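Presented below is the structure to which this report refers.
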Amino acid sequence: MDKIGIVDAVNSWFGTAARDLPWRDPATPAWAVLVSEFMLQQTQVERVLPRWTAWIERWPTPAALAADPPGEAVRAWDRLGYPRRALWLHQAAVEIAERHGNRVPSAVDDLLALTGVGPYTARAVAAFAFGERHPVVDTNTRRVIARAVHGRAAAGMPAARDLDDMAKLLPDDPAAAAVFNAAAMELGAIVCTARAPRCDVCPIAEWCEWRGSGYPDNAPAKRPKQARFEGSDRQARGRVMAALRAAHGPVTRAAALAAAAPDPSPRDPAQAERAVSSLLSDGLIVAAGDALRLP
DNA sequence: GTCCAGGGCA
DNA sequence: TGCCCTGGAC
């Protein structure tokens, strides 16, 4: 493996292929970077952009968000999906305001201690907001390393090994390391994709162990099949949340149940009740007398 | 129509 | 290990 060749090729490819995203601007405050990473955990860039812009305009600091009720965060989250993350981001803002003097911490351990911040987000913020040299590994990076370095078609289960692999590739210079972290993710996202890799336009095709050994399919993707969304509890929960976001005040329990199950003859009559009770236990909705509202 | 991606939590 | 949501790819 030619480490220098790979790093230089990926970074210069990134210089031409990378989109001009506002959170990549070096002047972007750490708080805005943290918000972008929360949103990008689960959502494509195109959908995140308008929500992110509105969010940091409305809540330019952690304390500003912490001063509003969490339900406002859930409403502003809109349809980004996984609305528990809006609650977690609000809680993280409270923790930053209270424990860190309204300044996003730069140490990975401090970041990891924040609600909703895991190994990926902690290192992403340390690297991209503070310029620290850390391996930042998401599933795209893991796939790129599995193929280019290990000659495997797909990454295995996430492991500490992934961080070691990326750390070995990282340039010594922190700024170049930050670029490589972002570039490797981008390469995996748009070129070295899971299903249809575009090796013809890959900047590191000449070094790729997987390509060099004839694309062995030695990783039969044992990913558990995702449950269908149509008719799922998740869909029912999403419908209740949409109704609560649209209503600017409490809605009756009956209305929430009706929103959960618009089908007049649902196959699973208990599903609406499950949706409401699980949302209550997640704290995404709260009881207000006989009605329900955002927290 | 079906399948898939995405990080963190319990 | 299973669950959370949505929209886009196939």
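The figures here come from the full heavy-atom set of this structure, side chains too, leaving out hydrogens, waters and symmetry mates. Only a predicted model underlies this, so the values are computations on that prediction, with no experimental measurement involved. Sequence lines set the chain letters: A, B, ... in the order given, protein chains first and strands last, and positions in each chain run from 1.
Atom-to-atom, CZ of A/Arg195 to P of B/dT2 comes out at 15 Å; the value is rounded to the nearest Å. Distance A/Glu37 CD to B/dG6 P: 14 Å, rounded to the nearest Å. Atom CZ of A/Arg228 is separated from atom P of C/dC5 by 19 Å (rounded to the nearest Å). Spacing between atom CD of A/Glu230 and atom P of B/dT2 amounts to 9 Å, rounded to whole angstrom units. Going from atom CZ of A/Arg84 over to atom P of B/dC9 covers 10 Å, rounded to whole Å. Between A/Phe229 atom CZ and B/dA5 atom P there is a gap of 17 Å when expressed in whole angstrom units. The interatomic distance linking A/Gln41 (CD) with C/dC5 (P) rounds to 14 Å, in whole Å. For the pair A/Arg274 CZ and C/dC3 C1', the computed distance is 13 Å after rounding to whole Å.
In the set B/dG8, C/dC4, B/dG6, B/dG8 carries the atom at the smallest distance from any side-chain atom of A/Trp88. Checked against C/dC5, C/dC4, B/dA5, the side chain of A/Pro83 finds its nearest nucleotide in C/dC5. Which of B/dA5, C/dC5, C/dT6 sits closest to the side chain of A/Arg234 comes down to C/dC5.
Using a 4.0 Å heavy-atom criterion, one finds that A/Tyr120 contacts the sugar-phosphate atoms exclusively. Using a 4.0 Å heavy-atom distance criterion, A/Leu284 is classed as a sugar-phosphate-only contact. Using a 4.0 Å heavy-atom distance criterion, A/Phe38 is classed as making no nucleic acid contact. Across all strands, A/Asn140 comes closer than 4.0 Å only to sugar-phosphate atoms, never to a base (heavy-atom distances). Residue-level contact check: A/Thr121 touches the backbone only, with heavy atoms under 4.0 Å from sugar-phosphate atoms and none from bases.
Where A/Ala196 and A/Asp233 meet DNA chain C, the nucleotide closest to each residue was compared, and A/Asp233 sits on the side nearer the 5' end. Both A/Leu40 and A/Val117 lie near DNA chain B, and the one whose nearest nucleotide falls closer to the 5' end is A/Leu40. If A/Gly81 and A/Ala227 are placed on DNA chain C by their nearest nucleotide, the residue sitting closer to the 5' end is A/Ala227.
For the residue pair A/Glu37/A/Gln41, the side-chain donor-acceptor check at 3.5 Å is not satisfied.
A salt bridge links A/Glu273 and A/Arg253; the closest N-O separation between the charged side-chain nitrogens and carboxylate oxygens is under 4.0 Å.
Grouping the Ile, Leu, Val, Met, Phe, Trp and Tyr side chains by contacts below 4.5 angstrom, directly or via other members, places A/Leu80 with A/Ile56.
Under a cut-off of 6.0 angstrom, the local environment of CZ in A/Arg103 is sparse, with at most 12 non-hydrogen atoms contributed by other residues, nucleotides or ligands.
Taking only side-chain nitrogens and oxygens, A/Arg79 comes nearer than 4.0 Å to OP1 or OP2 of C/dG7.
In this structure, the side chains of A/Asp282 and A/Arg237 come closer than 4.5 Å at one or more pairs of heavy atoms.
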